[in-house]
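To start, I am sharing the structure in question, which I have written as structure tokens.
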Amino acid sequence: MKIAFIAEKLNVNISGSPEHEIARISSPENADVNSLCVIWDKHVLEKLPPEIPIAAPQEFFTASRDGIICANPRALLPELLALFSQPQAKPKGIHPSAQVSLSAVISPDAYIGAGVFVGDGSVVGDGSLIEPNAVLLANVRVGKNCLIHSCAVIGADGFGFERTPQGLIKIPQTGGVRIGDDVEIGACTTIDRGTMSDTVIDSGTKIDNHVQIGHNVKIGRNCIICSMTGIAGSSVIEDNVTISVQAGITDHVRVGAGAVIAGRTGVTNDIPSGAVVSGFPARPHNEAKRALVLASDLPSLFKRIRVLEKKLSELQKS
């Protein structure tokens with residue numbers, strides 16, 4: 001595609017030659033004269049030869065550099081990649097090896113892949129795609145245009161037991177799972193059904209691979225939940241929350257709208273809206289960083305205290 005064509009499609013301005021032909025979108029490490037490199041860091045730009053075209057803010061360009069001008073290249077990247085991706089027909093229907101309950105309701109615009117299991121009373125909405133070997137157990141309702149990746153398990157029993165003199169008694173899990181529209185659920189992610197009410201994943205939320213979501217959890221709209229996160233039962237995650245990798249959230253807590261949970265954070269109490277937290281237990285991110293710096297100084301601080309104690313003891317004796 002010529003730069004002029006790309007700029008017209010994305011409604012952005014051109015720098016340099018509009019006739020420069022682009023074959024692909026590339027990272028800085030693999031960029032060449034036939035690729036368009038998306039740049040939002042000037043340090044990266046310093047390493048690129050001037051003949052390589054870029055998608056970048058106006059101030060990144062010199063007179064000799066070809067490319068497209070965009071104020072926010074990172075936000076433009078999905079559109080650029082989609083422009084160069086090979087169009088693929090979205091499959092519809094049910095693969096012969098899938099096992100679908102007679103009581104399930106499957107939209108004719110949905111696709112159920114090989115080895116998929118869809119249980120009693122489940123619903124799969126228009127345009128949703130369930131990849132091979134995913135499992136939807138009883139009473140799982142999937143909205144429109146969702147993507148459920150391979151080996152996800154949705155609607156398994158929640159982890160509920162009661163201690164008695166006779167041992168652990170399993171608590172029956174009678175709820176379901178309700179998933180909104182435009183939700184993506186990663187490979188090998190598990191979402192447990194509720195004990196009495198439903199576990200809920202609201203519209204627009206994106207869940208990475210290997211995430212565990214416990215029974216009765218409520219997750220709001222447009223949340224991002226990264227790999228290896230665990231959310232324990234009955235917790236509430238409000239809208240637009242970002243949870244980074246390997247975070248752990250205990251049961252019955254609320255994470256406020258727009259909060260950011262840093263990687264490997266342990267959340268044991270409610271998190272206010274808009275907060276950025278890290279560490280264990282979770283605390284404001286800047287406070288947690290200071291605590292880490294101080295912890296790294298503990299060996300030298302201990303030595304200094306021992307020296308001061310020795311001097312104090314000598315002064316007391318004298």
Side-chain angles (χ1 to χ4, degrees), residues 1-91 111 127-129 131 144-150 181-187 203-209 221-227 239-245 258 260-263 274 276 285 289:
M1 302 176 192
K2 291 182 179 180
I3 282 178
F5 177 81
I6 297 170
E8 181 183 359
K9 284 287 186 183
L10 301 181
N11 194 27
V12 295
N13 294 321
I14 296 170
S15 177
S17 171
E19 299 299 309
H20 194 134
E21 289 192 347
I22 302 298
R24 61 191 170 277
I25 308 301
S26 73
S27 63
E29 296 79 12
N30 301 313
D32 58 36
V33 70
N34 295 317
S35 65
L36 184 68
C37 187
V38 183
I39 300 293
W40 53 83
D41 186 342
K42 272 201 168 182
H43 296 296
V44 174
L45 180 65
E46 293 167 1
K47 302 174 183 178
L48 283 181
E51 66 271 14
I52 293 178
I54 62 173
Q58 174 73 67
E59 61 269 21
F60 284 31
F61 284 90
T62 60
S64 61
R65 177 86 71 177
D66 294 342
I68 61 172
I69 300 166
C70 46
N72 189 347
R74 195 164 188 165
L76 195 69
L77 182 58
E79 292 183 68
L80 275 168
L81 291 171
L83 195 60
F84 279 83
S85 64
Q86 294 295 322
Q88 294 181 350
K90 192 169 184 179
Y111 175 67
S128 288
L129 190 153
E131 292 187 340
K144 298 178 181 179
N145 301 313
C146 293
L147 173 56
I148 299 175
H149 288 277
S150 295
D181 299 335
D182 300 300
V183 172
E184 183 164 341
I185 296 170
S203 296
T205 285
K206 314 299 181 188
I207 302 173
D208 199 358
N209 303 331
R221 300 171 68 90
N222 301 316
C223 294
I224 295 175
I225 303 176
C226 296
S227 179
D239 296 347
N240 299 304
V241 169
T242 299
I243 304 177
S244 298
V245 295
V260 176
I261 312 297
V276 180
H285 185 52
K289 288 195 296 184

- Polar side-chain atom of Asp208 near backbone of Gly186 as donor-acceptor pair, under 3.5 Å: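 Checked: no pair found.
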- Message: Is there a side-chain contact (heavy atoms from CB on, under 4.5 Å) between Ile243 and Ile225? Walk through the geometry before answering.
- Response: CA-CA 5 Å; Ile243 304 177; Ile225 303 176; 4.2 Å; yes
- Taking the side chain as every heavy atom from C-beta outward, state whether Ile207 and Glu184 have any pair of such atoms under 4.5 Å apart. no
- Minimum heavy-atom distance Lys144-Ser128, with the two atoms named: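 Nearest heavy atoms, Lys144 then Ser128: C-OG, 3.6 Å.
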- Item | NZ (Lys206) with more than 12 external heavy atoms under 6.0 Å |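 Counting neighbours around NZ of Lys206, more than 12 heavy atoms of other residues, nucleotides or ligands fall under 6.0 Å, so yes.
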Side-chain donor-acceptor pairs under 3.5 Å in residues 30-39, sequence neighbours left out?
unit_1, atom_1, unit_2, atom_2, d
Asn30, ND2, Ser27, OG, 3.3
Asp32, OD1, Arg24, NH2, 3.0
Asp32, OD1, Asn34, N, 2.9
Asp32, OD1, Ser35, N, 3.2
Asp32, OD2, Arg24, NH2, 2.3
Ser35, OG, Ser26, OG, 3.0
Ser35, OG, Asp32, N, 2.9
Ser35, OG, Asp32, O, 2.9

- Message: Whether the side chain of Arg65 engages the backbone of Ile52 through a donor-acceptor N/O pair (distance < 3.5 Å, no angle test) should be reported.
- Response: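 It does hold such a pair.
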- Message: I want to check something: taking the side chain as every heavy atom from C-beta on, are Phe61 and Ile54 in contact at a cut-off of under 4.5 Å?
- Response: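 Yes, side chains in contact.
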- Message: If you apply the rule side-chain contact (heavy atoms from CB on, under 4.5 Å), what do you find for Ile3 with Glu19, and how did you get there?
- Response: CA-CA 6 Å; Ile3 282 178; Glu19 299 299 309; over 6 Å; no
- Task: Kindly indicate, with the supporting measurements, whether the criterion side-chain contact (heavy atoms from CB on, under 4.5 Å) is fulfilled by Leu83 and Met1.
- Result: CA-CA 10 Å; Leu83 195 60; Met1 302 176 192; 3.9 Å; yes
- Item | Ser244 (side chain) donor-acceptor with Ala262 (main chain) under 3.5 angstrom |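 Judged by distance alone, no pair lies under 3.5 Å.
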- Task: To the nearest 0.5 angstrom, please state how far the CD1 atom of Ile14 sits from the NE2 atom of His20.
- Result: 12.5 Å
- Go through the steps to decide whether Leu80 and Ile68 satisfy the test side-chain contact (heavy atoms from CB on, under 4.5 Å), and finish with yes or no. CA-CA 11 Å; Leu80 275 168; Ile68 61 172; 4.2 Å; yes
- Say you draw a straight line from CG of Leu76 to CG of Leu10; how long is it, rounded to the nearest 0.5 Å? 5.0 Å
- Item | Pairs meeting criterion side-chain hydrogen bond (donor to acceptor under 3.5 Å, both in side chains) with involvement of residues 4-14, two or more places apart |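 Listed once each, the pairs would be none.
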- Query: Nearest 0.5 Å, what's the CG-CH2 distance between Leu77 and Trp40?
  - Reply: 5.5 Å
- Item | Side-chain donor/acceptor of Ser227 to backbone N/O of Asn209, under 3.5 Å | yes
- Item | Nearest-0.5 Å distance, NZ of residue Lys2 to CG of residue Asp66 | 13.0 Å
- Message: On a heavy-atom basis, which atom in Phe84 and which in Ile22 lie closest, and how many Å separate them?
- Response: CE2-O, 3.5 Å
- Name all residues meeting the salt bridge (charged side-chain N to carboxylate O under 4.0 Å, His left out) criterion together with Glu46; count only those two or more places apart in sequence or in a different chain, and write none if there are none. none
- Message: Counting C-beta onward and ignoring hydrogens, is there a side-chain heavy-atom pair between Cys70 and Pro57 closer than 4.5 Å?
- Response: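 Result no, sub-4.5 Å side-chain heavy-atom pair not found.
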- Supply the atom-to-atom distance Cys146 SG to Ile185 CD1, rounded to the nearest 0.5 angstrom. 7.0 Å
- Task: To the nearest 0.5 angstrom, please state how far the CD1 atom of Ile261 sits from the NE2 atom of His285.
- Result: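 So the CD1 of Ile261 and the NE2 of His285 are separated by 11.5 Å.
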- Task: Please tell me if the side chains of Val241 and Cys223 come closer than 4.5 Å, counting only heavy atoms from C-beta onward.
- Result: yes
